[in-house]
Amino acid sequence: MYTKILVPLALDHGISQHTLEIARAMSGKGAEIIALHVYEMPQGSVSAYLDKSVVAEGFERARLQLLQKVEGLDGVTSEIVKGHTARSIIDYARSNNVDCIVIGSHKPDLSDYFLGSTASRVVRHAPCAVHVHRRA
C-alpha cells in the first residue's frame with residue numbers, strides 16, 4: 001500500500017473518477033491522495049496574441065473544474081500547476097516525495113511511438129511506482 005499517491009487529471013477526459021478510485025484502492029491507512037492538474041500555458045507566438053486576462057480566466061476555470069472533480073472525496077486534495085504536462089507531473093512527484101502515480105492513458109497509436117504520450121513519458125522518468133489505467 002502507498003502513503004502518498006499522485007493522480008494527474010486531464011479535466012477534459014472522462015477517466016478521472018476511475019483513476020481516483022484506483023488510487024483509493026491502492027492507498028494505505030491515512031494515505032494522502034493528490035489530484036494534480038497541469039495547466040499548459042499558450043506556447044510560442046500564440047501567447048503574443050492573447051490578453052493576459054484571458055489566460056488568467058482560463059487558469060481560474062481549470063482550478064474550479066479541478067475542485068469540482070474532487071469535491072466530497074475524503075482524503076483527496078487538489079493541486080494545479082503551470083507547465084509542460086509530463087515534466088510537471090514528474091517534477092511534482094519528485095519534489096513532494098510521492099511514492100506512486102496513478103495515471104490514465106489512451107490506447108497508443110503510431111504517433112505515440114515517435115513522440116510519446118504523457119503517460120509513457122511519466123512511466124519512463126518518474127521517481128516512483130506508476131500505475132497506468134488504460135480505458136478500453
Side-chain angles (χ1 to χ4, degrees):
M1 294 294 166
Y2 297 101
T3 58
K4 197 165 194 178
I5 302 174
L6 182 64
V7 183
L9 301 178
L11 300 176
D12 57 345
H13 294 98
I15 200 167
S16 303
Q17 294 309 103
H18 300 288
T19 53
L20 286 166
E21 288 171 16
I22 291 167
R24 191 172 302 284
M26 297 173 69
S27 62
K29 185 176 181 178
E32 181 182 2
I33 299 173
I34 304 156
L36 176 73
H37 177 69
V38 179
Y39 185 80
E40 289 210 30
M41 299 299 288
Q43 298 297 312
S45 61
V46 172
S47 62
Y49 295 101
L50 290 176
D51 187 68
K52 289 180 182 181
S53 66
V54 172
V55 175
E57 288 171 16
F59 181 82
E60 183 60 18
R61 270 195 312 276
R63 190 185 70 76
L64 292 174
Q65 275 186 287
L66 178 61
L67 288 173
Q68 284 178 332
K69 283 197 180 267
V70 301
E71 186 176 21
L73 299 176
D74 292 332
V76 178
T77 58
S78 63
E79 291 283 337
I80 186 168
V81 296
K82 295 177 184 175
H84 178 270
T85 305
R87 182 83 256 152
S88 296
I89 292 167
I90 293 161
D91 291 346
Y92 187 94
R94 183 171 283 118
S95 64
N96 289 279
N97 298 316
V98 168
D99 54 358
C100 183
I101 299 171
V102 177
I103 190 167
S105 179
H106 58 83
K107 266 190 168 175
D109 60 16
L110 188 59
S111 67
D112 292 316
Y113 295 107
F114 294 119
L115 300 174
S117 69
T118 299
S120 64
R121 288 180 185 174
V122 170
V123 167
R124 285 194 305 270
H125 301 288
C128 59
V130 179
H131 178 92
V132 178
H133 172 69
R134 179 167 291 149
R135 278 188 7 183

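One is the number of the first residue; the rest follow in order along the sequence. Note that these values count all heavy atoms, side chains included, but never hydrogens, waters or copies made by symmetry.
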Shared hydrophobic cluster, I103 / V98 (ILVMFWY, side-chain heavy atoms < 4.5 Å):
yes
Within one Ile-Leu-Val-Met-Phe-Trp-Tyr cluster: I89 and V123, side-chain cutoff 4.5 Å
yes
Between the side chains of R24 and E21, is the shortest nitrogen-to-carboxylate-oxygen separation below 4.0 Å, so that they form an ion pair?
no
From E57 atom CD to S53 atom OG, the distance as rounded to the nearest 0.5 Å
5.0 Å
Treat each ILVMFWY residue as a node, draw an edge where side-chain heavy atoms are under 4.5 Å apart, and state whether L73 and I80 are in one component.
yes
Please report the shortest heavy-atom distance between R121 and A86, naming the atom on each side.
CB-CB, 3.8 Å
ILVMFWY network linking I34 to V130, side-chain heavy atoms under 4.5 angstrom:
yes
Does the side chain of P8 reach to within under 4.5 Å of the side chain of V38, using non-hydrogen atoms?
no
Would I5 and L66 show up in the same hydrophobic cluster when neighbours are defined by side-chain heavy atoms closer than 4.5 Å?
yes
For V70 and S78, which heavy atoms make the closest approach, and how far apart are they?
CG2-CB, 3.9 Å
Which of V7, L11, L64 passes side-chain contact (heavy atoms from CB on, under 4.5 Å) with K69? Answer is L11
Closest non-hydrogen atom pair between C100 and C128, with its separation:
N-SG, 3.9 Å
Measuring only between side-chain heavy atoms, which start at C-beta, is I90 closer than 4.5 Å to R94?
yes
Least distance between heavy atoms, R87 atom then H84 atom:
N-ND1, 3.3 Å
T3 backbone acceptor or donor facing D99 side chain under 3.5 Å:
yes
Side chain H37, main chain L9, donor-acceptor under 3.5 Å
yes
Only one of L20, I22, L6 passes side-chain contact (heavy atoms from CB on, under 4.5 Å) with V102, and that residue is I22
Do you know the tightest heavy-atom contact between A31 and Y2?
CB-O, 3.4 Å
Spacing of Q65 atom CD and E60 atom CD [to the nearest 0.5 Å]
11.0 Å
Do side-chain atoms of K4 reach the backbone of N96 as a donor and acceptor pair under 3.5 angstrom?
yes
Compare every heavy atom of A93 with every heavy atom of I101, then report the nearest pair and how far apart it is.
CD1-CB, 3.8 Å
